[in-house]
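Chain identifiers are assigned alphabetically (A, B, ...) following the order of the sequence lines, protein sequences preceding nucleic acid strands; residue numbering begins at 1 within each chain. Quantities reported herein were computed from a predicted structural model and do not represent experimental measurements.
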Amino acid sequence: MGEKSFSRAVRLLTPTHFENVFSDAVAASTPHITLLAKKNQLDHPRLGITLAKKRIRRAHERNRVKRIVRESFRHHLPQLGNIDIVIIGKSGLDQLSNQDLFKLLEKQWNRISRRCSER
RNA sequence: GGAGUCGGCCGGGUAAUCGCUGCUUCAGCUUGCUGAAGGGGAGGAAAGUCCGGGCUCCAUAGGGCAGGGUGCCAGAUAACGUCUGGGCGGCGUGAGCCGACGACAAGUGCAGCAGAGAGUAGACCGCCUAAGCGCGCAAGCGCCGGUAAGGGUGAAAGGGUGCGGUAAGAGCGCACCGCGCAGCUGGUAACAGUUUGUGGCACGGUAAACUCCACCCGGAGCAAGACCAAAUAGGCUCCCAUUACGUACGGCCCGUACGGGGAGCGGGUAGGUUGCUUGAGCCAGCGAGUAAUUUCUGGCCUAGAUGAAUGAUUACCCUCGACAGAACCCGGCUUACAGGCCGACUCCGACC
């Protein structure tokens, strides 16, 4: 596996995985997104994205946000450690540009991994 | 050149780096994973989910009722509420565009305000006073009446114009126009025409009012459906053990039932596989047809994800980039849309 690849192994695949994170997680919140994180038993992080249709109406906007999140996650993958992360989009997230999204996410990756390791 | 109508097409490009997901060919092994190379990877609306069909499962002898839909005629089609051609009505100078466009001389119902009267018409103003009656010498006045030509109301007042006729009038009569019915002619039909006959003449509007008529419709949907199948709990069958112990029956013993071990079977949850893209397919050509469409021949394979891929960053160029993301698949409709290209046609103006 390449260092910055994004294969199925680093994704949360089933509803069970998501519920596992929801049940007991460390949260980090901003006006646009909420991050939930929890340590896992693997040697790498995993990512799940939840964008409600109610929050972001149009399908192409939801797709755009997901792609940016995945791309950013991929670039920061080595520094994150063994945690499961779920990203929840809030209303207004589709107003941000690609650059703004990247900046926002970069901060949040650092924040959430620090909080997890403190725990 | 300006203004406009109709039809068709396109929907940023190139390069580098880093990714995602099928396919093909190699290589490796732990035989379903890893690596390499090549090649494919959102739309004209993928959208709204408003119609129609395929497909799947369930139901179903046949027929009817109820309910829903469609609604000028003919054709196209797998089918349609779609499309094409035609008819009729309306709009536009025109190219063209728009129309739920069957039946109210089967029945029932509905219609605010105004107005005398609104559907078997109707005397408010007006017009008339011939006949009959009363008063009066008479003119005339009154009564009984007549009258739909005029005024006025209204969205709409029950054919129009003219002449005759009359007390005044009136299809009361006649001519012309219009209308109904029947016939004839043209057309597959809707419908149109009529130098034909006939009727004095309505049969007002409204059916996205009930209704009537004609035709169509079984239900649910890919989370359809099919297959594989842990862990845990439970079910059935067979075999072994029925020694000991516990519980129940009992005063106690014997005994019976349950709790044991092993093997097999079936249902089935998590999860996985499949359905899943070769199809009423696309392109080209000849032919049929006014056209929608279609026969035949040749060629092509053009996304298939499943917490859900089809992207990000940088650089350059240009006209500086809109609406917007497949989820079983097709045919339509509707709605959104920066900008651009092509063709045909119409009107106006100028030049020759």
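Pair assignment for B:G259: B:C245, on the basis of Watson-Crick or G-U wobble contacts that are both within less than 3.5 Å. Look at B:C18: its Watson-Crick or wobble partner, with both distances under 3.5 angstrom, is B:G311. Across all strands shown, B:G28 pairs with B:C33; the Watson-Crick or G-U wobble distances both stay below 3.5 Å. As the counterpart of B:C184, B:G193 is assigned, both hydrogen-bonding distances of the Watson-Crick or G-U wobble pattern falling under 3.5 Å. Using the Watson-Crick or G-U wobble rule with both distances under 3.5 Å, B:A116 pairs with nothing in any strand shown. Across all strands shown, B:G204 forms no Watson-Crick or G-U wobble pair with both key distances under 3.5 Å. Of the nucleotides present, B:G264 is the one that pairs with B:C236 by Watson-Crick or G-U wobble criteria, both distances under 3.5 Å. The base-pairing partner of B:G298, taking Watson-Crick or G-U wobble contacts with both distances under 3.5 Å, is B:C283.
Here A:T50 lies in heavy-atom contact (under 4.0 Å) with a base. Residue A:R62 is classed as having no contact, given no heavy-atom separation below 4.0 Å to the nucleic acid.
Taking atom C1' in both B:G142 and B:G159, one finds a spacing of 40 Å when rounded to whole Å. Separating the P atom of B:G146 from that of B:A138 is a span of 28 Å, rounded to the nearest Å. Spacing between B:C222 and B:A214 at atom P, rounded to whole Å, works out to 38 Å. Distance noted for atom C1' between B:A208 and B:U70: 14 Å (whole Å). Here the separation of B:U313 from B:G22, taken at their P atoms, is 25 Å to the nearest Å. Spacing of C1' atoms, B:A103 relative to B:C203, comes out at 14 Å, to the nearest Å. Taking the P atom of each, B:G150 and B:C127 are spaced 15 Å apart, rounded to whole Å. Here, B:C57 and B:G62 have their C1' atoms 25 Å apart, quoted to the whole Å.
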For nucleotides 322-329 of chain B, which of its nitrogen or oxygen atoms have a protein nitrogen or oxygen under 3.5 Å away, and what is each distance?
{"unit_1": "B:A324", "atom_1": "N7", "unit_2": "A:H60", "atom_2": "NE2", "d": "3.4"}
{"unit_1": "B:G325", "atom_1": "OP2", "unit_2": "A:A59", "atom_2": "N", "d": "3.2"}
{"unit_1": "B:G325", "atom_1": "OP2", "unit_2": "A:H60", "atom_2": "N", "d": "3.4"}
{"unit_1": "B:G325", "atom_1": "OP2", "unit_2": "A:H60", "atom_2": "ND1", "d": "2.9"}
{"unit_1": "B:G325", "atom_1": "N7", "unit_2": "A:N63", "atom_2": "ND2", "d": "2.9"}
{"unit_1": "B:G325", "atom_1": "O6", "unit_2": "A:R67", "atom_2": "NH1", "d": "2.7"}

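Atom NZ in A:K66 sits about 17 Å away from atom C1' in B:A312, given to the nearest Å. Between the CD1 atom of A:I68 and the C1' atom of B:A312 there is a distance of 6 Å, given to the nearest Å. Look at CZ on A:F102: it is 13 Å from C1' on B:U314, rounded to the nearest Å. Atom pair A:K103:NZ and B:U313:P shows a separation of 12 Å (rounding to whole Å applied). Rounded to a whole Å, the CG atom of A:L105 is 13 Å from the P atom of B:U313. Rounded to whole Å, atom P of B:G307 lies 18 Å from atom CD1 of A:I87. Look at CD on A:E71: it is 10 Å from P on B:G19, rounded to the nearest Å.
Here the CD-CD distance, from A:E61 to A:Q95, works out to 8.0 Å after rounding to the nearest 0.5 Å. Rounded to the nearest 0.5 Å, atoms CG (A:L96) and CG (A:L104) are 6.5 Å apart. Here the CD1 atom belonging to A:I85 is positioned 5.5 Å from the CZ atom belonging to A:F73, to the nearest 0.5 angstrom.
Comparing A:L47 and A:K53 by the nucleotide of RNA chain B whose heavy atom lies nearest to each, the residue mapping closer to the 5' end is A:K53.
A donor-acceptor pair is defined here as one N or O able to donate and one able to accept, closer than 3.5 Å; such a pair exists between the side chain of A:R62 and the backbone of A:R57.
For B:G22, the glycosidic angle deviates from 0 by 90° or less, giving a syn base. Base orientation at B:G44 is syn, since its O4'-C1' glycosidic dihedral falls within 90° of 0. Classified by its glycosidic torsion, B:U31 falls in the syn category, the angle being within 90° of 0. For B:U302, the O4'-C1' to base torsion is within 90° of 0; the nucleotide is therefore syn. In B:A263 the O4'-C1'-N dihedral to the base is more than 90° from 0, which defines an anti nucleotide.
For the side-chain contact (heavy atoms from CB on, under 4.5 Å) with A:L36, the lone residue among A:T50, A:I88, A:I112 that qualifies is A:I88.
A:K54 and A:S91 share no donor-acceptor pair across their side chains, judged by distance under 3.5 Å alone.
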Step by step, work out the side chain to side chain contact (heavy atoms under 4.5 Å, CB included) result for A:L47 and A:V86. CA-CA 6 Å; A:L47 176 72; A:V86 174; over 6 Å; no
Step by step, would you call A:K90 with A:S29 a side-chain hydrogen bond (donor to acceptor under 3.5 Å, both in side chains)? CA-CA 10 Å; A:K90 296 187 183 176; A:S29 190; 3.1 Å; yes
Quick one: do A:K38 and A:D84 satisfy salt bridge (charged side-chain N to carboxylate O under 4.0 Å, His left out)? Show the steps, please. CA-CA 5 Å; A:K38 188 186 180 183; A:D84 286 348; over 6 Å; no
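Between A:G92 and A:H32, the shortest heavy-atom contact is O-CD2, 3.8 Å.
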